[in-house]
There are 4 protein chains.
Amino acid sequence: MSEPTDKTQDRAEKQRGRILDAAQQCFIEHGFHGASIANIAETAGMSAGLIYRYFENKSAIILAIVDRQLQLLREDIRLNRRVDLAGEMVQNYGRSCTADARGMNAALLLEISAEATRDPQVAAALDHYDATVRAALVDWLTRGTASGGHGLPAAVAPERALLLQCLFEGLKLRETREPQLDRQMLASALRYIVPLVIEP
Amino acid sequence: MSEPTDKTQDRAEKQRGRILDAAQQCFIEHGFHGASIANIAETAGMSAGLIYRYFENKSAIILAIVDRQLQLLREDIRLNRRVDLAGEMVQNYGRSCTADARGMNAALLLEISAEATRDPQVAAALDHYDATVRAALVDWLTRGTASGGHGLPAAVAPERALLLQCLFEGLKLRETREPQLDRQMLASALRYIVPLVIEP
Amino acid sequence: MSEPTDKTQDRAEKQRGRILDAAQQCFIEHGFHGASIANIAETAGMSAGLIYRYFENKSAIILAIVDRQLQLLREDIRLNRRVDLAGEMVQNYGRSCTADARGMNAALLLEISAEATRDPQVAAALDHYDATVRAALVDWLTRGTASGGHGLPAAVAPERALLLQCLFEGLKLRETREPQLDRQMLASALRYIVPLVIEP
Amino acid sequence: MSEPTDKTQDRAEKQRGRILDAAQQCFIEHGFHGASIANIAETAGMSAGLIYRYFENKSAIILAIVDRQLQLLREDIRLNRRVDLAGEMVQNYGRSCTADARGMNAALLLEISAEATRDPQVAAALDHYDATVRAALVDWLTRGTASGGHGLPAAVAPERALLLQCLFEGLKLRETREPQLDRQMLASALRYIVPLVIEP
DNA sequence: TATGAATGAGACTTCATTCAT
DNA sequence: CATGAATGAAGTCTCATTCAT
């Protein structure tokens, strides 16, 4: 009957985090539908029933993961001016296959994209994610070079942003197929194409 | 009792085709795990049990679909010289969301890619598919302009092919998210970038 | 793909019957919520999954049972002129505790009545049942004595029917509590009161 | 460490009361199986765990509720001479659907009666309740008119009491189905039948 | 005394797969 | 060859009950 204290809220948030971490790992490993709640519970080191104290149902977990990725992305964009897009793409390539926080895990992106095809809520969340990335790219392309941008005219920036996004996501997809792709070649290819896209 | 005649083999092949068509449609609509055998059977206009006369199990159907896409692709490559890659990309954009045969359906590509992450057999089949596309692109880029190619030196062709493939697949992924994307902008963007990639 | 034949329909109907019989028994024994699908399946001698080929879910079974009772009642009313209501009440008393078809089982009536308090669909079906009984009673009370009725004026028949129905159901309820109630006393009591109710 | 003082006992009794009130409300609303401990706890404004300090388990709560109803009934009988049974029946009709204390709530009676069919302890408690009502009725019917009774001979009183009880409970059952029943008609019907039952 | 997080059993339900017909 | 009834395993979810705090 007492109001929830900060301490219990903290604990709850921590538990939610544990569950999401476990879920993300399981989803990457087995996919949204291949991963069972029992699976996630075991990975999180708790009983299956307990998960339902923190999430209404399985699809709420999926949504929470998409949302969390969106938060991470936003923070990433806020912190990061991305001066060297090509270099960063190469750097991150193959890294996301482990479940680290930097950039979205490639397999997870696939899973989410596939699910968005069917679940409108996931689609909406993904659209949101998408729009955020696009806006950041356009901003970066149009901003003046003085402030770290590339001074592209507003008329062409959207289409260049689209290209970059396709390239970026195509690369993510490729990560899942050729995680061992020769970095040298990748670097060379990107260093060739990215400047062509972002220079006026 | 009788040896399998050509006629019965034909019939068998036709049945397999019916099943694969139905399965493909169901997989696109509900995903590999969301589509049930009962679903597929109903779509194919046959009983669930009959499917097991033609396929060992559900994942055999998935494999067969990847294989069939590979066949279709090969035939496509054999017939098609692809003189205008950018134009074709725009033309096909958004089309694959309906279950036509030209190019792989975007949602299906997602589904298969995600599944390849877990099932090594699917991964192998997809690698095969992948390599085929890559080889065709490299061939097309290196072949002389006289025979419809672009005469790129062998040293840079692979990396350009990689770029094209990423772009192409990134575009496929985008199809699932923005099927209504402005064709004008897309055409403009591709007409700008593709020549830069394929011209020496 | 062939149309369902009479034979398969027959079988289906027989299976539905088996399931309903088993369900009725289980519901009487453990209540709607105490009886599990596994319970019913075991009683019916089949697997739990099979039940879902014949009924969409558990509450569909409940509804089907209410409906079936209604059918039985209708048939009973059609066949039966009920000349000796009091006698029949005594005769049936205590019989319904076994799951026979004659009159509704007392425990089942309780269960259904309780469920109707919460589930509007059950309530609707029960209302239907209720109205059928009431109409039959009114008809019987108003019909001329020549045709087996009691020639009550239409003005008082409804309230007498209400009394009879209350008495009848109160007696059902009592059956569950005192199945061994002295029949002599019961007969004596009913023979005293019922004529007072139905005679003008 | 300290012996239970009167004060702590009082508090305990008050807590039990709170729990029973909440439980009764929940049971009426959702049934014994549909009402969860969490439900009851929330309604009672306490934690789920605390309930187990006052009741061994859920069915102990059910038993306690039946017992409490019995207490209330006893008190009611002691205070109340019930001069006008029919009038009171009409008065109370439909009232019990709200969770007041006067007479047993109709839905609760159903729930308890149904449960008594399965749980022998509930059956025993209900029998006790039943016998108390019956005895009071018999007493009232046999007592001289001078002391508010009806002076029925002891030979017929039990069967008349039985009739009254059936009528009374049948009416309760009806309350759950037709809470809006026309009071005029009900009054008219009862005024007709009740005197016939209780007059010699 | 009181909380509410945690568990474990068990409920309903779905579905790939088999097999008698 | 073809059907679809049947099974059994597995999945999602709920809830009575316990227990550390």
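The chains referred to below are lettered A, B, ... by the order of the sequence lines, with proteins before strands, and numbering in each begins at 1. What you see is a predicted model, and the numbers here were worked out from it, not measured in a lab.
Atoms CG and CD, on Asn105(C) and Gln25(C) in that order, are 10.5 Å from each other to the nearest 0.5 Å.
When each of Ser59(B) and Arg53(A) is assigned the nucleotide of DNA chain E with its nearest heavy atom, Arg53(A) is the one assigned upstream, toward the 5' end. Mapping Phe32(A) and Gly49(D) onto DNA chain F by nearest heavy atom places Phe32(A) closer to the 5' end of the strand. Each of Ser36(D) and Arg18(C) has a nearest nucleotide on DNA chain F; the 5'-most of these lies closest to Arg18(C). With DNA chain E read from its 5' end, the first of the two nearest nucleotides for Ala12(D) and His33(C) is the one closest to Ala12(D).
Looking at Ile112(D) and Met104(D), their side chains come closer than 4.5 Å, going by heavy atoms from C-beta outward.
In this structure, Ile40(D) atom CD1 and dT14(F) atom P are separated by 18 Å, rounded to whole Å. For Ile51(C) and dG8(F), the CD1 to P distance is 14 Å, given to the nearest whole Å. One interatomic measurement links the two molecules: CD1 of Ile37(A) to C1' of dT13(E), which rounds to 15 Å at whole-angstrom precision. Atom P of nucleotide dA10(F) and atom NZ of Lys58(B) are separated by 16 Å, given to the nearest angstrom. Here dA10(F) presents its P atom at 12 Å from CG of Asn39(A), a figure rounded to the nearest Å. As a whole-Å value, the separation of Ile62(A) CD1 from dG11(F) P is 15 Å. The distance between atom NE2 of His30(A) and atom P of dG11(F), rounded to the nearest whole Å, is 11 Å. A straight line from NZ of Lys14(A) to C1' of dA6(E) spans 17 Å, rounded to a whole angstrom.
Among pairs with a residue in residues 14-62 of chain D, those fulfilling ring-ring contact (aromatic ring centres under 6.0 Å, His included) read Phe27(D)-Phe32(D), at least two apart in sequence or across chains. Pairs of residues two or more places apart, or lying in two chains, that qualify as side-chain hydrogen bond (donor to acceptor under 3.5 Å, both in side chains) and include a residue from residues 106-117 of chain B are Arg118(A)-Glu111(B), Arg177(A)-Ser113(B), Glu115(B)-Arg118(B).
Counting non-hydrogen atoms under 4.0 angstrom, Leu50(A) reaches a base of the nucleic acid. The residue Ser47(A) sits close to a base: some heavy atom pair falls under 4.0 Å. Glu56(B) comes within contact range of no nucleotide atom at all, as no heavy-atom separation falls under 4.0 Å. Among the heavy atoms of the strands lying under 4.0 Å from Ala35(B) are primed sugar atoms or P, OP1, OP2 only; no base atom is included.
Across all their heavy atoms, Ala107(A) and Ile28(A) have their closest contact at CB-CG2, 4.1 Å. Of all the heavy atoms in Ala114(B) and Leu110(A), the pair that sits closest is N-CD1, 3.8 Å.
The side chain of Tyr54(A) places no N or O atom within less than 4.0 Å of a non-bridging phosphate oxygen (OP1 or OP2) of dA5(E). Side-chain N/O atoms of Gln15(B) include none lying less than 4.0 angstrom from OP1 or OP2 on dC1(F). The shortest distance between the side-chain N/O atoms of Tyr52(B) and the OP1/OP2 oxygens of dA2(F) is not below 4.0 Å. Close to dA6(E), at under 4.0 Å from its OP1 or OP2, lies a side-chain N or O of Arg11(A).
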**Asked** How is the base pairing of DNA chain F summarised as a dot-bracket string, given the Watson-Crick and G-U wobble criteria with both distances under 3.5 Å, [ ] for crossing and | for another strand?
**Response** .||||||||||||||||||||
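Considering Lys14(C), Arg68(C), Arg16(C) in turn, Arg68(C) is the only one that fulfils the salt bridge (Lys or Arg N to Asp or Glu O under 4.0 Å) rule with Asp21(C).
When the shell of 6.0 Å around CD of Gln71(A) is examined, it contains more than 12 heavy atoms from other residues, nucleotides or ligands.
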